[in-house]
Amino acid sequence: MAEHHDEHPITYKTYFMTWVWLLVLTALALGLGYTNINEKLKAFLLVCTTLAKILVIAAVFMHLRYERINLILITFTPLILAIIMFSFTFPETLGTATHLIRVR
Amino acid sequence: MMWIFIVSDALTFMAFLMAYGFMRSISPMWPKQTEVFNMVLITFMTFVLISSSAVMAMAVAAARAHNPKLAVRFLGLTIVGGLIFLGCQAFEWTNLIEEGARLTHNPWGVPQFAASFFVITGFHGFHVFSGVTILAIVAIRAAMGKYSGDQVENAGLYWHFVDVVWVFVFAFFYLM
């Protein structure tokens, strides 16, 4: 799988900066977790920060951006299946409008 | 081949997280995570895993640049990160079990809460453990001079995947 790209133009500095960005995104997600905004908006923003983080890890750390397009597309299958499963199962849960109530 | 394995493993975790999402949505209530978990510890664990992932990327770069000494050093740091993570998780599990959390019931009212916690973090923790084992083997081989850039890269891919899964668990289980 990895035999066709012996030379990555990625330097240690790029990895270091990627690490810094990942920490910034983590701090952002943590901040979101503690804010008292609308639960749906919070869920949406958390999905956004999570997707941003995994894209950065996959593209830079896992060198996915140097792989061929077929492989990149294959790696998206779990996310696509997740969206399909979510859209099939989530309408089932809408009847329980109390699901946002927290104990204590 | 590593990528095919990673995608199939990702499907497993996807199924776990979807099942958790469904159980949580149909549950009439859900415990407030910040009151159950020690969020400082969880944040520290996240920090350690992300940092170890960055160091792992540097280990791959060092191995590709034919610098085994530096690669072994970076691999060692990655392993230390993995061990710290596992230690923190063992501590977290011990605390929760002592507070009465079990697969079937827990003191916070929603049985699915502890069940999904143990299954998801347990499965992820087992992946971290396998990752540490794989990295130790690769590091020992690299120290003996028996390594190739591709081998280190494959071990690295697996380690980054473990990090990716934690990013999901951190956001959807601990913060949402």
Side-chain angles (χ1 to χ4, degrees), chain A residues 1-3 5-8 10-12 14-16 18-20 22-23 25-27 29-34 39 42-43 46-47 49-51 53-54 57-58 60-64 67 71 74-79 81-82 85-86 89-90 92-96 98-104, chain B residues 1-4 6-15 17-19 21-22 24-35 39 42-43 46-47 50-51 53-58 60-62 64 108-110 149-150 153-154 156-157 159-161 163-164 167-168 170-172 174-176:
Chain A
M1 274 298 149
E3 64 281 342
H5 49 101
D6 216 41
E7 291 302 317
H8 291 300
I10 302 183
T11 57
Y12 291 117
T14 315
Y15 288 133
F16 180 77
T18 311
W19 174 66
V20 173
L22 284 171
L23 292 186
L25 284 167
T26 307
L30 192 69
L32 274 171
Y34 277 96
E39 290 279 339
K42 191 184 198 174
L46 274 174
V47 169
T49 52
T50 306
L51 286 181
K53 274 163 90 176
I54 64 155
I57 295 174
V60 183
F61 285 174
M62 299 172 97
H63 307 140
L64 198 59
E67 296 286 353
L71 181 66
I74 289 172
T75 57
F76 276 96
T77 45
L79 283 179
L81 279 165
M85 275 177 85
F86 179 81
T89 55
F90 197 69
E92 302 257 323
T93 68
L94 290 179
T96 51
T98 51
H99 71 276
L100 294 177
I101 300 171
R102 304 294 191 92
V103 253
R104 279 210 292 163
Chain B
M1 277 321 281
M2 195 57 185
W3 272 108
I4 304 296
I6 285 175
V7 169
S8 67
D9 218 10
L11 286 167
T12 313
F13 275 107
M14 189 272 282
L17 285 170
M18 276 292 150
F22 185 75
R24 179 161 170 181
S25 302
I26 54 166
S27 168
M29 54 187 124
W30 199 257
K32 214 164 163 42
Q33 296 96 323
T34 46
E35 283 167 17
M39 286 311 287
I42 307 298
T43 310
T46 310
F47 169 76
I50 287 178
S51 308
S53 214
V55 176
M56 183 69 226
M58 294 178 187
V60 175
R64 288 224 180 271
W108 304 284
V110 190
D150 285 351
E153 168 125 13
N154 278 340
L157 282 177
W159 192 254
H160 298 312
F161 167 70
D163 186 27
V164 163
V167 167
F168 276 101
F170 180 63
F172 297 145
Y174 289 101
L175 295 179
M176 196 172 273

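Chain A is the first sequence line, chain B the second, and so forth, proteins listed ahead of strands; every chain is numbered from 1.
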Checklist entry - Measuring heavy-atom distances to chain B, does A:Val60 have an atom under 4.5 Å in its side chain, in its backbone, in both, or in neither? => result neither

Checklist entry - Rounded to the nearest 0.5 Å, what separation is found between the CE atom of B:Met18 and the CZ atom of A:Phe86? => result 7.0 Å

Item to check | Beyond-backbone contact of A:Met85 with B:Met14, side-chain heavy atoms, under 4.5 angstrom | outcome: yes

Checklist entry - Atom CD1 in B:Ile26, atom CZ in A:Phe90: separation rounded to 0.5 Å? => result 11.5 Å

Checklist entry - Does the side chain of B:Val164 come within less than 4.5 Å of A:Lys53's, by heavy atoms? => result no

Next on the checklist: Testing the basics here: between B:Ala61 and A:Tyr15, what is the closest heavy-atom pair and its distance to 0.1 Å?
Outcome noted: CB-CE1, 3.9 Å

Next on the checklist: With a 4.5 angstrom heavy-atom cut-off, is it the side chain or the backbone of B:Phe170 that approaches chain A, or both, or neither?
Outcome noted: side chain

Next on the checklist: Please classify the contact of B:Ser53 with chain A as side chain, backbone, both or neither, using a heavy-atom distance under 4.5 Å.
Outcome noted: both

Item to check | Which portion of B:Met58 sits near chain A, non-hydrogen atoms under 4.5 angstrom | outcome: both

Next on the checklist: With heavy-atom distances below 4.5 Å as the criterion, would you say the side chains of B:Trp3 and A:Thr75 are in contact?
Outcome noted: yes

Checklist outcome for this item: The ring pair (Phe, Tyr, Trp, His ring centres under 6.0 Å) partners of B:Phe168 (sequence neighbours excluded) come to B:Phe172

Checklist outcome for this item: In terms of heavy-atom pairs under 4.5 Å with chain B, the winner among A:Leu30, A:Leu22, A:Leu25 is A:Leu30

Next on the checklist: Please classify the contact of A:Leu32 with chain B as side chain, backbone, both or neither, using a heavy-atom distance under 4.5 Å.
Outcome noted: neither

Item to check | Under 4.5 Å from a heavy atom of chain B, the part of A:Thr50 involved | outcome: both

Checklist entry - Based on non-hydrogen pairs under 4.5 Å, which of A:Ala58, A:Gly33, A:Pro78 is most in contact with chain B? => result A:Pro78

Next on the checklist: With no hydrogens and no angle check, just 3.5 Å: does a side-chain donor-acceptor pair link B:Ser51 and A:Trp19?
Outcome noted: yes

Checklist outcome for this item: So, the part of A:Tyr34 with a heavy atom under 4.5 Å from chain B: the answer is side chain

Checklist outcome for this item: CZ (B:Phe47) and OG1 (A:Thr26) are apart, to the nearest 0.5 Å, by 10.0 Å

Next on the checklist: Using heavy-atom distances under 4.5 Å, tell me whether A:Ile57 contacts chain B through its side chain, its backbone, both, or neither.
Outcome noted: side chain

Checklist entry - Do you know the tightest heavy-atom contact between A:Met62 and B:Ile6? => result CE-CD1, 4.1 Å

Checklist entry - Most heavy-atom pairs under 4.5 angstrom with chain B, which of A:Thr77, A:Leu51, A:Thr49, A:Leu64? => result A:Leu64

Next on the checklist: Which atoms of B:Ser8 are under 4.5 Å from chain A, going by heavy atoms: the side chain, the backbone, both sets, or neither?
Outcome noted: neither

